[in-house]
Amino acid sequence: MAKPSLPQGTRDFNAETVRKRNYIFNTIRSVFEVYGFQPLETPAMENLDTLMGKYGDEGDKLIFKILNNGLDNVAKHQQIKDDFEKVLIGKNTKGITERALRYDLTIPFARYVAMNHGQLTFPFKRYQIQPVWRADRPQRGRYREFYQCDCDVVGSYSLINEVELATIYATAFEKLGIDVEIKINSRKILAALAELCGGADKMIDITIAIDKLDKIGIEKVKDELLQRGLNDSQISIIEKYLSIDGDTFQKLSAAENLFQNNATAKKGLEEIYFLINYSQQSQISNLKSQINIDFTLARGLNYYTGIIFEVKAKNVNMGSIGGGGRYDDLTGTFDVPNIPGVGISFGVDRIYDVMEELKLFPAEMQTATQVLFFNLGEAESRAAFGLMQQLRAKNIRCEIYHEQAKFDKQFKWADKKQIPYAVIMGSTELENGTCTLKNLKEGVQEILTNEQLLAFEF
RNA sequence: GAGAGCGUAGCUCAGUAGGUUAGAGCGACAGUUUGUGGCACUGUAGGCCGUGGGUUCGAGACCCAUCGUUCUCCCCA
């Protein structure tokens with residue numbers, strides 16, 4: 001047997017890590033619940049058909065595919081060989097793989113809505129906290145198995161949903177203690193920019209290039225636009241667009257100027273204005289300072305059609321820790337048209353990394369064992385065990401040392417496990433019907449009757 | 001998909017211009033005469049130096065390949 005190891009990009013989580021992760025999950029879940037979202041869980045695997053073609057070419061490559069069973073069936077060898085030939089030239093893979101691990105939570109949710117839209121009450125608000133898998137190359141803040149916490153509203157065009165989702169972001173990150181910038185933009189504005197630059201088909205090229213602005217600078221963005229087939233006058237429009245600056249309302253009016261009477265842009269700007277304006281009146285004091293218009297924000301997933309969100313943590317170098325947006329026809333690919341939706345996602349694993357780096361986890365999260373009962377012999381341990389069970393019935397976390405051993409050993413074990421109290425029941429205590437309770441942090445101890453121990457406030 | 005760095009004890013690492021039996025700290029385990037721990041002292045265990053080739057009288061060190069891992073780009077949470 002080779003050395004045991006873990007698949008690339010996956011991790012084990014020890015007790016401390018699990019507790020910290022649960023703290024994040026519980027915080028986010030409680031916010032979802034307060035906003036009226038209902039939980040949903042879907043299988044780890046989906047039919048490959050459900051996932052393919054939803055995330056763009058890059059995304060398709062990163063989907064983990066599951067090998068079909070029964071490929072060694074001799075009767076089917078020729079068929080399987082033929083199918084494999086198709087795989088080699090990038091065609092139909094059904095004979096080899098027809099299931100895959102989910103890549104995100106949104107598409108499985110869309111599949112669920114498409115399957116159940118007859119029974120659902122719209123608008124339907126669901127949240128989902130489950131792992132997803134991507135065959136990406138791991139690096140800082142990037143894993144092959146990671147959790148997403150999504151909440152989506154489907155069946156409503158109302159922009160109040162966008163406001164609520166922005167507020168959920170602000171509230172959750174406030175509770176976690178992370179300073180964040182919530183960037184917003186609208187796909188409609190990006191589409192309008194493409195219209196100004198000679199065609200909607202240019203939108204993808206333009207967004208890919210301008211998305212890199214803060215990373216590579218304006219000159220290199222212009223180079224890339226040139227390479228992607230835009231001419232000088234088009235690039236100068238984009239340069240104007242990218243130079244829009246100032247506070248929120250300055251940005252909005254500058255954009256209005258640039259786009260003039262373009263109907264698509266007008267709609268997009270109105271939506272952003274609504275979101276900003278409504279949020280400011282929502283009396284969440286921290287919300288205003290955190291929402292920023294970022295006209296360079298594009299977001300990769302190509303099903304977004306309206307307002308898009310992206311969350312970045314301040315004071316730390318980490319990719320986005322959340323993202324989302326409006327998609328007006330998500331279930332259309334499942335032949336259920338006209339169900340619009342909007343949703344956001346939290347990247348728990350990156351949030352964890354950020355909180356670890358900024359030391360934001362509360363200290364009092366330890367929920368380890370509170371009391372160690374010493375094992376000082378046959379009769380002693382029996383008495384201790386009985387007492388321990390009574391404490392456990394009162395929800396005190398107890399353990400008894402697994403075998404009779406020297407004091408030294410049992411103390412050291414308690415130290416290592418950071419157990420704060422020890423109960424010592426030896427022959428003396430047994431005779432008197434008492435026990436010795438020692439506070440291991442303070443180093444003090446007292447003799448209690450068994451009744452006093454059961455009433456003790458740990 | 002493209003590129004760079006790193007693989008020596010359970011962990012963090014030293015290992016000088018290639019030269020005998022590969023080291024330290026921490027951790028683990030045991031003991032310092034079995035009713036009071038954290039400290040200290042003593043001792044023990046634990047390494048085909050990632051793997052496979054090559055150069056050399058001689059390789060942990062140099063070269064090639066391979067695997068693993070970290071990071072960057074792409075893309076993304």
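Everything quoted here is computed from the prediction, not taken from an experiment. Here is the naming used below: chain letters follow the sequence lines, and residue numbers restart at 1 for every chain. Keep in mind that the numbers below use all heavy atoms, side chains included, and drop hydrogens, waters and symmetry copies.
Contact annotation: A/Gln8 does not reach the phosphate of B/G68 (side-chain N/O to OP1 or OP2, under 4.0 Å). The shortest distance between the side-chain N/O atoms of A/Gln139 and the OP1/OP2 oxygens of B/U70 is not below 4.0 Å. Within the structure, a side-chain polar atom (N or O) of A/Lys406 is placed less than 4.0 Å from OP1 or OP2 of B/U32.
Note on A/Gly141: a base of the nucleic acid sits closer than 4.0 angstrom, heavy atoms only. Within the 4.0 angstrom heavy-atom criterion, base atoms lie near A/Glu429. Within 4.0 Å (heavy atoms only), A/Leu440 reaches at least one base atom of the nucleic acid. Note on A/Lys212: only backbone sugar-phosphate atoms sit closer than 4.0 angstrom, heavy atoms only; bases stay farther off. No engagement by A/Tyr147 is indicated, since no non-hydrogen atom pair under 4.0 Å with the nucleic acid exists.
Listed by residue number, A/Ser320, A/Ile321, A/Gly322 are the residues of residues 318-331 of chain A with a heavy-atom contact under 4.0 Å to RNA chain B. Across residues 344-358 of chain A, A/Arg350 each have a non-hydrogen atom less than 4.0 Å from an atom of RNA chain B (numbered order). For RNA chain B, the neighbouring residues in residues 443-458 of chain A, judged by any heavy atom under 4.0 Å, are A/Gly443, A/Gln445.
Spacing between atom CD1 of A/Ile129 and atom P of B/A77 amounts to 17 Å, rounded to whole angstrom units. A straight line from CD of A/Gln418 to C1' of B/G37 spans 14 Å, rounded to a whole angstrom.
Mapped onto RNA chain B by nearest heavy atom, A/Phe146 and A/Lys61 fall at different nucleotides, with A/Lys61 at the one closer to the 5' end.
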Kindly give the atom pairs (protein nitrogen or oxygen, nucleotide nitrogen or oxygen) under 3.5 Å for nucleotides 2-7 of chain B.
none

Detail all sub-3.5 Å separations between protein N/O atoms and N/O atoms belonging to nucleotides 28-30 of chain B.
unit_1	atom_1	unit_2	atom_2	d
B/A28	OP1	A/Lys416	NZ	3.4
B/C29	OP2	A/Lys416	NZ	3.1
B/A30	OP1	A/Lys409	NZ	2.7

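Within the structure, every pair that satisfies the salt bridge (Lys or Arg N to Asp or Glu O under 4.0 Å) test and touches residues 369-386 of chain A, not counting sequence neighbours, is listed here: A/Glu378-A/Arg382. Pairs passing the ring pair (Phe, Tyr, Trp, His ring centres under 6.0 Å) check and including a residue from residues 402-446 of chain A, sequence neighbours excluded, read A/Phe374-A/Phe407, A/Phe374-A/Phe411, A/Tyr401-A/Trp413, A/Tyr421-A/Phe456, A/Tyr421-A/Phe458. Within the structure, the ring pair (Phe, Tyr, Trp, His ring centres under 6.0 Å) test picks out no pair touching residues 177-218 of chain A (sequence neighbours left out).
Classified by interplanar angle (parallel below 30°, tilted 30° to 60°, perpendicular above 60°), the ring pair A/Tyr169/A/Phe309 is perpendicular.
Aromatic rings from A/Tyr352 and A/Phe13 are positioned such that their centres are separated by 6.0 Å or more.
Judged by ring centres under 5.5 Å apart and planes tilted less than 30 degrees, A/Phe407 fails to stack against the six-membered base ring of B/G37.
Here A/Arg350 pairs with nothing under the side chain to side chain donor-acceptor pair (under 3.5 Å) rule; sequence neighbours left out. Take A/Arg137 and apply the salt bridge (Lys or Arg N to Asp or Glu O under 4.0 Å) test, not counting sequence neighbours, and it matches no residue. Judged as a salt bridge (Lys or Arg N to Asp or Glu O under 4.0 Å), and not counting sequence neighbours, A/Asp60 has no contacts.
Put simply, the side chain of A/Thr449 gets close to the backbone of A/Gln452: a donor and an acceptor are under 3.5 Å apart.
Salt-bridge formation is not detected for the pair A/Arg29/A/Glu33: no Lys NZ or Arg NE/NH1/NH2 atom is positioned less than 4.0 Å from an Asp or Glu carboxylate oxygen.
Among the candidates A/Arg111, A/Arg99, A/Lys94, the single residue satisfying the salt bridge (Lys or Arg N to Asp or Glu O under 4.0 Å) test with A/Asp49 is A/Lys94.
Inspection of the A/Tyr143 and A/Asp136 side chains reveals no N or O donor paired with an N or O acceptor under 3.5 Å.
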Dot-bracket encoding of pairs in RNA chain B, which uses [ ] for pseudoknotted crossings and | for another strand, Watson-Crick or G-U under 3.5 angstrom:
(((((((..((((.....[...)))).(((((.......))))).....(((((..]....))))))))))))....
